[in-house]
Amino acid sequence: MESLNQRAPSKLSGRQVSGRCLCGAVELEIDFPAFWAWHDHTAASRRAHGAAYATYIGCWRKHARVAKGRRSIASFEDANTESTRSFCSRCGTPLLYERKCWPHIVNIPRALFTGRIGREPRYHAAIEELPDWAYTGNRLAPLKGYPGIVWERPKSRRRPRDVDDLDVLDRRVASARARIVR
């Protein structure tokens with residue numbers, strides 16, 4: 001993170017976009033466009049963000065800078081994943097995710113930016129770790145009596161049929177045919 005703090009402003013595109021933490025103590029700035037964007041489904045990111053998954057943008061370290069609040073940034077180093085996660089020490093907002101294996105890239109939560117960053121998150125990391133309770137795009141319907149709330153309707157409550165049930169169904173169909181033929 002020290003190298004991110006010491007970088008002089010870069011003018012790659014001549015356009016910068018900024019993001020900030022919840023309380024506004026820390027502001028980050030990146031050169032437009034970001035390098036890439038993705039959804040991270042790892043358990044570590046899920047716990048760090050308190051959400052089903054985290055969406056990040058990746059930037060070249062030399063194209064990202066802390067515009068305000070360097071002193072409000074705290075860090076956690078995870079020896080297992082060889083990564084460092086930085087967050088606002090005032091409000092707890094995740095700010096930066098850095099990995100030893102990618103020394104020239106800094107990852108920033110997409111949610112910090114209100115405007116466009118030049119990349120859509122089209123990639124998924126660790127999709128096999130997606131929890132079974134996460135929303136995956138099923139149809140939603142308005143919840144009656146609760147404006148602004150939508151829900152997933154439950155699946156059919158009928159119990160699944162097994163082979164024995166199909167035999168009973170075949171017998172019912174055969175007896176119904178027999179009645180019709182008579």
Side-chain angles (χ1 to χ4, degrees), residues 1 3-5 7-70 72-73 75-76 78 81-88 91-143 148-153:
M1 193 172 90
S3 62
L4 182 69
N5 290 339
R7 295 281 178 197
S10 172
K11 300 285 185 182
L12 178 69
S13 68
R15 181 175 168 203
Q16 289 81 38
V17 291
S18 61
R20 67 177 192 88
C21 67
L22 179 63
C23 70
V26 179
E27 289 182 10
L28 304 174
E29 195 174 76
I30 65 165
D31 291 335
F32 185 90
F35 181 65
W36 76 316
W38 80 99
H39 303 293
D40 184 349
H41 300 279
T42 61
S45 283
R46 189 166 48 251
R47 286 187 181 96
H49 287 259
Y53 60 88
T55 302
Y56 287 106
I57 59 170
C59 298
W60 294 108
R61 186 176 299 279
K62 65 184 177 181
H63 297 287
R65 65 214 137 263
V66 177
K68 174 184 162 190
R70 285 187 182 104
S72 296
I73 298 176
S75 298
F76 168 71
D78 187 347
T81 60
E82 295 185 318
S83 64
T84 302
R85 293 179 186 271
S86 300
F87 53 93
C88 176
C91 65
T93 301
L95 299 170
L96 304 167
Y97 174 44
E98 301 168 272
R99 299 204 48 189
K100 188 177 180 181
C101 61
W102 300 331
H104 302 294
I105 297 277
V106 62
N107 305 298
I108 305 169
R110 173 62 179 95
L112 301 184
F113 299 87
T114 56
R116 301 179 66 84
I117 51 97
R119 294 286 182 256
E120 291 182 32
R122 296 184 182 212
Y123 307 96
H124 294 261
I127 192 73
E128 67 279 0
E129 293 185 42
L130 179 74
D132 61 353
W133 49 265
Y135 174 68
T136 57
N138 298 341
R139 290 187 70 180
L140 301 173
L143 183 59
I149 304 295
V150 295
W151 69 303
E152 289 181 50
R153 290 193 167 128

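For the numbers below, each heavy atom of this structure counts, side chains included, while hydrogens, waters and symmetry mates do not. For clarity, every value in this text was computed on a predicted model and none was experimentally measured.
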Tell me, do [X] and [Y] make a side-chain contact under 4.5 Å, heavy atoms counted?
X	Y	answer
R65	D31	yes
E98	V106	yes
T93	V26	no
K68	R20	no
I105	W60	yes
L95	I108	no

P33 backbone acceptor or donor facing R119 side chain under 3.5 Å: no
Flag if over 12 foreign heavy atoms under 6.0 Å of CG, L140: yes
Locate the shortest heavy-atom distance separating [X] from [Y]; write the atom from each residue and the value.
X	Y	result
N107	G58	OD1-CA, 3.6 Å
R46	A51	CG-O, 2.7 Å
S86	I73	CB-CG2, 3.8 Å

With sequence neighbours left out, write down each residue that passes side chain to side chain donor-acceptor pair (under 3.5 Å) with [X], or none if nothing qualifies.
X	value
S83	T81
D40	T42, S45
E152	N138

Please output the side-chain donor-acceptor pairs of residues 109-118 that fall under 3.5 Å, not counting sequence neighbours, one pair per line with the distance.
from	atom 1	to	atom 2	distance (Å)
R110	NH1	F113	O	2.9
R110	NH1	G115	O	3.4
R110	NH2	G115	O	3.0

Residue pairs, two or more places apart or on separate chains, that pass salt bridge (Lys or Arg N to Asp or Glu O under 4.0 Å) and touch residues 124-137: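 Residue pairs passing salt bridge (Lys or Arg N to Asp or Glu O under 4.0 Å), neighbours aside: none found.
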Reported CG-to-CZ distance for the pair D78 and R99, which is rounded to 0.5 angstrom: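 Interatomic distance, D78 CG to R99 CZ, rounded to 0.5 Å: 9.5 Å.
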Pairs where residues 115-137 contributes a residue and the test ring pair (Phe, Tyr, Trp, His ring centres under 6.0 Å) is met, not counting sequence neighbours: W36-Y123, H39-H124, H41-H124
Results of ring-ring contact (aromatic ring centres under 6.0 Å, His included) for Y97 - residues two or more places apart only: Y56
Test ring-ring contact (aromatic ring centres under 6.0 Å, His included) applied to F87 - qualifying residues, sequence neighbours left out: none
Those residues that, when tested against L143, pass side chain to side chain contact (heavy atoms under 4.5 Å, CB included) (two or more places apart): Y146, I149, W151
Contacts of A48 that satisfy side chain to side chain contact (heavy atoms under 4.5 Å, CB included) - sequence neighbours left out: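 Residues passing side chain to side chain contact (heavy atoms under 4.5 Å, CB included) with A48: R85.
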Residues forming a salt bridge (Lys or Arg N to Asp or Glu O under 4.0 Å) with E120, sequence neighbours excluded: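 Per chain and number, E120 pairs via salt bridge (Lys or Arg N to Asp or Glu O under 4.0 Å) with R122.
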